[in-house]
Undergrad: 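One structure, pasted below without further comment.
Hydrogens, waters and symmetry mates play no part in the numbers below; they use all other heavy atoms, side chains included.
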Amino acid sequence: MAKRIVIVGGGIGGMGVATTLAGKLNAEITVINKDNFYVTGPSRPLLLTGEQEYGRMLRGYEKVGERGIKVVAGNVIRVDPDNRKITLSESGFGLRSREIQYDYLVLAPGVVYDGSSITGLDRNWWRNTTVYDPGRVNVLRQRLWSENEGTVLVYAPKAPYRCAPAPTETALLAHTVLKHRGVREKFRIIHVDANDKTQPPFLADVVKQVYEKAGIELVTNQEIVEVNEKEVITKSGERYGYTILALLEPNRAPKFVEEAGLGTPFVEVRSPQDLRHPKYDDVLAVGDAAKLPFPKNQEIAFESALFASNKILEMEGVTEKVPVQYAFVGWAYMGNLEGRLETQSLQFQLDLTTQPPKPAKDPQFKREYTLQKDRWEQAYLERLFGYSPKS
């Protein structure tokens, strides 16, 4: 009898598991995603400069269906691990719901941006823009290209959060756009960071140097606890005014994870290689929602998906495994100090197979690194979704 494998989340982690297991097991694979499409994340900041476009970032699931993988659009509202079932809402308002049974459940829902700990953000949410959200990044782009003076305030919460360099990328790409428009001298750009260094920490020295050249103000060890219509207030009482706010809320897994007793703020796992929940052999977690001692990014999401796939194969008595280790090459957008809409990037590496992890970086910013990042992202999308957009 075919095993029922249910995967919550149709992003890099979820599709990594689905496409790896398809054809290797006698299984019914169902992917549940809140939308019937996927929007990639790593290149999202380049929407600000016009170097990326939505059409190259969007993927549908049609080619995945050709491989026998079923994709369902809906929201998971409840997980019952003791009875091996989930409850799925088929509309955003929860008016219809149904239960789905599973033999294996893989949780890959990504993260929720939760600003509930920040006083006033619930009333001023519409003032906030970030590069993390496909809609709000568009608002940020429009404002950077239309406003002629003010203060851009970028905020990074305490780690871990998705895509560590994104707040830095936001500040530098904002500088690039404003410099290109000839209004940079009429703006302050302030990066407030709840951590003692910009993330990832091993790039902080280079970031500090480029911020000084760009005239970007950096404030570390300041956690924002309140937002009003004109300013943010930190835990120590510091106040920073803004006209354009790009605040990243703290990250957590969706509430159904905590309500099911599977962990908080992220899903508990046995180890980075054994991604089963400590209590349930048939519940695994991958990607940003998993409690892993690594940065939250696309490469870790994919590699954790391979480890989870290998564990399911092992439990099903399949000896063939896919090769995988936690090590990656990454790129951080550094913008363009002269204001040309040709973003340069910094390349870095992180070998997580050693203890402590071994970082490395090329301190030279290069246009070629931006193009490398694009090719890397597009290759992932083609591998997992089965096609690339027409150029």
Undergrad: Just say parallel, tilted or perpendicular for the rings of Trp376 and Tyr380, cut-offs at 30° and 60°.
TA: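 Taking Tyr380 first and then Trp376, their aromatic rings stand perpendicular (interplane angle over 60°).
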Undergrad: Tell me whether Asn124 contacts the main-chain N or O of Asp122 through its side chain, where contact means a donor paired with an acceptor under 3.5 Å.
TA: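 Pair absent, no side-chain N/O of Asn124 close to backbone of Asp122.
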Undergrad: Report the C-alpha separation of Glu223 and Lys235 in whole Å, then their side-chain angles, then the decisive distance to 0.1 Å, and conclude whether the salt bridge (Lys or Arg N to Asp or Glu O under 4.0 Å) test is met.
TA: CA-CA 6 Å; Glu223 183 179 359; Lys235 184 177 287 187; 3.2 Å; yes
Undergrad: Looking at Trp145, is its backbone amide N or carbonyl O close enough to the side chain of Arg181 to form a donor-acceptor pair, meaning the two atoms are under 3.5 Å apart?
TA: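 Flag set: sc Arg181 to bb Trp145 pair under 3.5 Å.
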Undergrad: Is atom CD of Glu149 surrounded by more than 12 heavy atoms (other residues, nucleotides or ligands) closer than 6.0 Å?
TA: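 Not buried by this count: 12 neighbours or fewer within 6.0 Å.
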Undergrad: Do Pro200 and Pro165 have side chains that approach each other closer than 4.5 Å (heavy atoms only, starting at C-beta)?
TA: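 Side chain of Pro200 against side chain of Pro165, heavy atoms only: contact under 4.5 Å found.
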Undergrad: What do you reckon, is CH2 of Trp125 surrounded by more than 12 foreign heavy atoms closer than 6.0 Å?
TA: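 Atom CH2 in Trp125 is not packed in, count stays at 12 or less.
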Undergrad: Checking side chain to side chain contact (heavy atoms under 4.5 Å, CB included) against His191, which of Val152, Val219, Leu218 comes through?
TA: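 It is Leu218; the other options fail the test.
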Undergrad: Do Tyr102 and Val106 share a hydrophobic cluster, counting only Ile, Leu, Val, Met, Phe, Trp and Tyr and linking them when any side-chain heavy atoms are less than 4.5 Å apart?
TA: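 No; Val106 is not reachable from Tyr102 via cluster members.
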Undergrad: Just by distance, with hydrogens left out, do Tyr161 and Asp288 show a side-chain donor and acceptor under 3.5 Å apart?
TA: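 No.
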Undergrad: Do Tyr61 and Asn33 meet the criterion of a side-chain donor-acceptor pair at a distance under 3.5 Å?
TA: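 The criterion, which ignores hydrogens and geometry beyond distance, is satisfied for Asn33 and Tyr61.
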Undergrad: Does a side-chain N-to-carboxylate-O contact under 4.0 Å join Arg276 and Glu314?
TA: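 Looking at Glu314 together with Arg276, the answer is no, because their closest N to O distance does not fall below 4.0 Å.
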Undergrad: Do Tyr132 and Val192 belong together in a cluster built from hydrophobic side chains that touch within less than 4.5 Å?
TA: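 Tyr132 does not cluster with Val192.
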Undergrad: Would the number of heavy atoms belonging to other residues, nucleotides or ligands and lying under 6.0 Å from NZ of Lys291 be above 12?
TA: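 For Lys291, atom NZ is not crowded (no more than 12 foreign heavy atoms under 6.0 Å).
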Undergrad: Are Leu337 and Val177 connected in the hydrophobic side-chain network, where two residues link if heavy atoms are under 4.5 Å apart?
TA: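 Hydrophobic grouping puts Leu337 with Val177.
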Undergrad: Taking the six-membered ring of Tyr333 as reference, does the NZ or CZ atom of Lys373 fall below 6.0 Å from its centre and within a 45° cone about the axis?
TA: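 Yes, a cation-pi geometry.
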Undergrad: Between Asn128 (side chain only) and Leu247 (backbone N and O only), is there a donor and an acceptor less than 3.5 Å apart?
TA: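 Checking the backbone N and O of Leu247 against the side chain of Asn128, a donor-acceptor pair under 3.5 Å is found.
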Undergrad: With a 4.0 Å cut-off on N to O distance, would you call Arg375 and Glu368 a salt bridge?
TA: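 Yes.
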Undergrad: List the steps and the verdict of side-chain hydrogen bond (donor to acceptor under 3.5 Å, both in side chains) for Glu316 and Tyr104.
TA: CA-CA 11 Å; Glu316 286 300 303; Tyr104 292 103; 2.6 Å; yes
Undergrad: Taking everything shown except Arg270 itself, do over 12 heavy atoms lie less than 6.0 Å from its CZ?
TA: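 Correct, the count exceeds 12.
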Undergrad: Could you tell me whether the side chain of Thr168 reaches within less than 4.5 Å of the side chain of Met334, counting heavy atoms only?
TA: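 Answer yes - side chains close enough.
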Undergrad: For the pair Glu147 and Lys186, evaluate salt bridge (Lys or Arg N to Asp or Glu O under 4.0 Å) and give the outcome as yes or no after the intermediate values.
TA: CA-CA 10 Å; Glu147 298 189 15; Lys186 297 181 181 179; over 6 Å; no
Undergrad: As a quick check of understanding, evaluate salt bridge (Lys or Arg N to Asp or Glu O under 4.0 Å) for Glu51 and Arg367, giving each step before the final call.
TA: CA-CA 12 Å; Glu51 296 173 86; Arg367 175 65 178 169; 2.7 Å; yes
Undergrad: Strictly distance-based, threshold 3.5 Å: is any side-chain N or O of Lys321 a donor or acceptor partner for the main-chain N or O of Val318?
TA: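 Such a contact is found between Lys321 side chain and Val318 backbone.
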Undergrad: Taking Arg188 for the side chain and Glu217 for the main chain, is one N or O donor matched with an acceptor at less than 3.5 Å?
TA: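 Absent.
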Undergrad: Would you give me the side-chain donor-acceptor pairs under 3.5 Å for residues 1-28, sequence neighbours excluded?
TA:
residue, atom, partner, partner atom, Å
Arg4, NE, Asp103, OD2, 3.3
Thr19, OG1, Met15, O, 2.7
Thr20, OG1, Gly16, O, 2.6

Undergrad: Mark yes or no for whether Asn228, through its side chain, and Glu231, through its backbone, hold a donor-acceptor pair below 3.5 Å.
TA: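 Checked: pair present.
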